[in-house]
S.K.: 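Pasting a structure below so you can have a look.
Residue numbering restarts at 1 for every chain, and letters A, B, ... go by the order of the sequence lines.
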Amino acid sequence: MEGLYIACIVLAAVAMVVITVIIPYGVFMRYAANSAASWPEPAGVLMMIVFSFIGGAAAYRANAHIAVGTVLNMVNAANRRRLEFAGDVGMGIVGVFMVKWGVLLVQAVWQNSIAEFPWLSVGVTYLPIPAAGVITLLFCVERLWLGQPPADSFTFRDQPQTE
Amino acid sequence: MDALILLFSFLILMFVGIPVAYAMGLATLITALWIDMPLEAVMLKISDGMDDFALLTIPFFVLAGAIMSEGGVARRLVDLAKVFVGFIRGGLALVNVLASTLFGCLSGSSVADTASIGSVMIPQMVKNGYDKVFATNVTICGSLQAILVPPSHNSVIYSIATGGTVSIAALFMAGVFPGLLFGACIVGLVLYTARKRNFPASEVVPLRQALKIALDAVWGLITIVIILGGILSGVFTAIESGAIACVYALFCTMVIYKEYKWRDLPKLLHRVTKTVAMVMMVIGFAAGFGYLMAIMQLPAKATELFLHVTTNKYLMLMLINVLLLLLGTFMDMAPMILICTPIMLPVVKAMGVDPVHFGMIMLLNLGIGLITPPVGPTLFVGCAIGKVTMEEVSRELWPFYAAMCIALLIITYVPAISLWLPRSLGY
């Protein structure tokens, strides 16, 4: 799972870097080259969907999502474990939902192509949804089976070094 | 009944500990099944929620802020603030607030502001005889300016929550004076406390050294010019200004300041990716949640309910302030903005409140929640940096709450503070 997490983060981060490059490129083309490029905007949106869904699945493994821990902190350890188990099962259900209806969505629009990229199916835009669903499910199974990733996992190695 | 299933399932799932984004998704799923709605439509709404080009503003400003905060910009802004206010009694606390104002204009995030300014200022303040808890409180309260002043990420989220009917540029402009007013209220409290507790004043910085400091800091401040100048002149859109701010932030910290190294970039991208993806997932699932709310006519029903309670605009704004302050203590800002805006905006619009003005009211209310237990991300970061407990900080936060409430009341009841600048600029 560590490898899958790293792959997700690398993919999402690359998507973010690509957007950061192509949007200024669009501005450069508009003012410096006097020839506005139409593709940076749809390409940016496509990349954004990739990093949102794939990064979102990775953020689940890293416990980085906004959650309300008030009740969890109020109950005893045994009840806390039960609630956490229920929470992880809930996450699994969302994962299944994303896989099943994400695939249906991809199938429904697969024959259509993106106006700016005629060689690319609209379905590709929605592919990150079922992909993120599968990844979320895998992380969910990992958590239910093995618990949280260890403290020395790559998942938590993102803080800047302090002097 | 349908609406109750949506709201209660969301609340139950959220309190079980499911991340807010996924709790919204699951509540939407349960309710859609209950009302026999095709789940393909829900899925389409969720993906459409993330399909908005304007959303790109968020990763850009988060990334630019993160680069600036680690690349030595915060330290230089603190030095610059010392030149202006360091010599006054309680100078370091004032420096803290002013540096937060300046850094807020670069980061647009109170958590980033607390982490950057706090790690420079809190140790300095403690070394100079300030109480550790007071130093932490000044840092976390001062950092809230970042949620109002441009380029506030939460302004972007509010714009998205209004369905794009309120422009990001108008909200950026609207936040300038409320942000400064908020800072002024904190400064007023700091000056009063400094006199009461006899805090020290630093020495006046000699002119030659002051000029050197100003020249050094100006490279970081150019980012504000890029963001605001680009948007106001019409050269860039808000999204493009964010992307260019990122590129400039890298150039500034790596080439000019030489404090940021390429080898540090993967870690930063790792952190920013997680933060941004988390916000985007909230936005996506909130779109599905909001779609069901609209189908059930929840906003219209809420408007009816609120108008039933009172038709007095001022009383209504007071009620909404109290409600938002309470809600803000339980949840982070992004989901609260996305859930509350579709419900409350029609109510206040029916009473003649401008949506841009309401945006400022909402941001400040929910912002105060960021430093209030039990869910206060800025408070948690401040406590970790100040090495103080949440209880110690909370005990001494009351005067700050009073100052912030004064700012909130002025911003609520004097719309011109929020609206004068955007209207003057034609937004």
S.K.: Heavy atoms only, distances under 4.5 angstrom: which of Leu13(B), Leu29(B), Leu39(B), Ile46(B) has the most pairs with chain A? Name it, please.
M.R.: Leu39(B)
S.K.: Counting only heavy atoms closer than 4.5 Å, note whether Ile19(A) contacts chain B via side chain, backbone, both or neither.
M.R.: both
S.K.: Which of the residues Val235(B), Val272(B), Ile283(B), Val279(B) is involved in the greatest number of heavy-atom pairs with chain A at under 4.5 angstrom?
M.R.: Val235(B)
S.K.: For Arg143(A) and Asn63(A), does a side-chain donor sit closer than 3.5 Å to a side-chain acceptor?
M.R.: yes
S.K.: Between Phe60(B) and chain A, which part of the residue has a heavy atom less than 4.5 Å away: side chain, backbone, both or neither?
M.R.: side chain
S.K.: Among Asp51(B), Ile239(B), Val247(B), single out the residue with the greatest number of heavy-atom pairs under 4.5 Å to chain A.
M.R.: Asp51(B)
S.K.: Is it the side chain or the backbone of Met50(B) that comes within 4.5 Å of chain A heavy atoms, both, or neither?
M.R.: both
S.K.: Quick check: do Ile135(A) and Leu4(A) have side-chain heavy atoms less than 4.5 Å from each other?
M.R.: yes
S.K.: Quick one: of Phe97(A), Tyr60(A), Tyr126(A), who has the most non-hydrogen atom pairs under 4.5 Å with chain B?
M.R.: Phe97(A)
S.K.: So which of Thr237(B), Leu268(B), Leu56(B), Leu269(B) has the largest heavy-atom pair count under 4.5 angstrom toward chain A?
M.R.: Leu56(B)
S.K.: So do Phe53(A) and Met98(A) actually touch side chain to side chain, heavy atoms under 4.5 Å?
M.R.: yes
S.K.: Side chains of Gln111(A) and Ser121(A): do they bring a donor and an acceptor to under 3.5 Å?
M.R.: no
S.K.: Sort out for me which of Met43(B), Met280(B), Met281(B) touches chain A most, counting heavy-atom pairs under 4.5 Å.
M.R.: Met43(B)
S.K.: Examine whether an atom of Leu55(B) lies under 4.5 Å from a heavy atom of chain A, and if so say whether it belongs to the side chain, the backbone or both; otherwise answer neither.
M.R.: both
S.K.: For the CH2 atom on Trp39(A), are there more than 12 heavy atoms of other groups (residues, nucleotides or ligands in this structure) within a distance under 6.0 Å?
M.R.: yes
S.K.: Would you say the ring centroid of Tyr22(B) lies under 6.0 angstrom from that of His65(A)?
M.R.: yes
S.K.: Is Pro335(B) close to chain A through its backbone or its side chain, or both, or neither, when contacts mean heavy atoms under 4.5 Å?
M.R.: side chain
S.K.: Does any heavy atom of chain A fall under 4.5 Å from the side chain of Leu26(B), the backbone, both, or neither of them?
M.R.: both
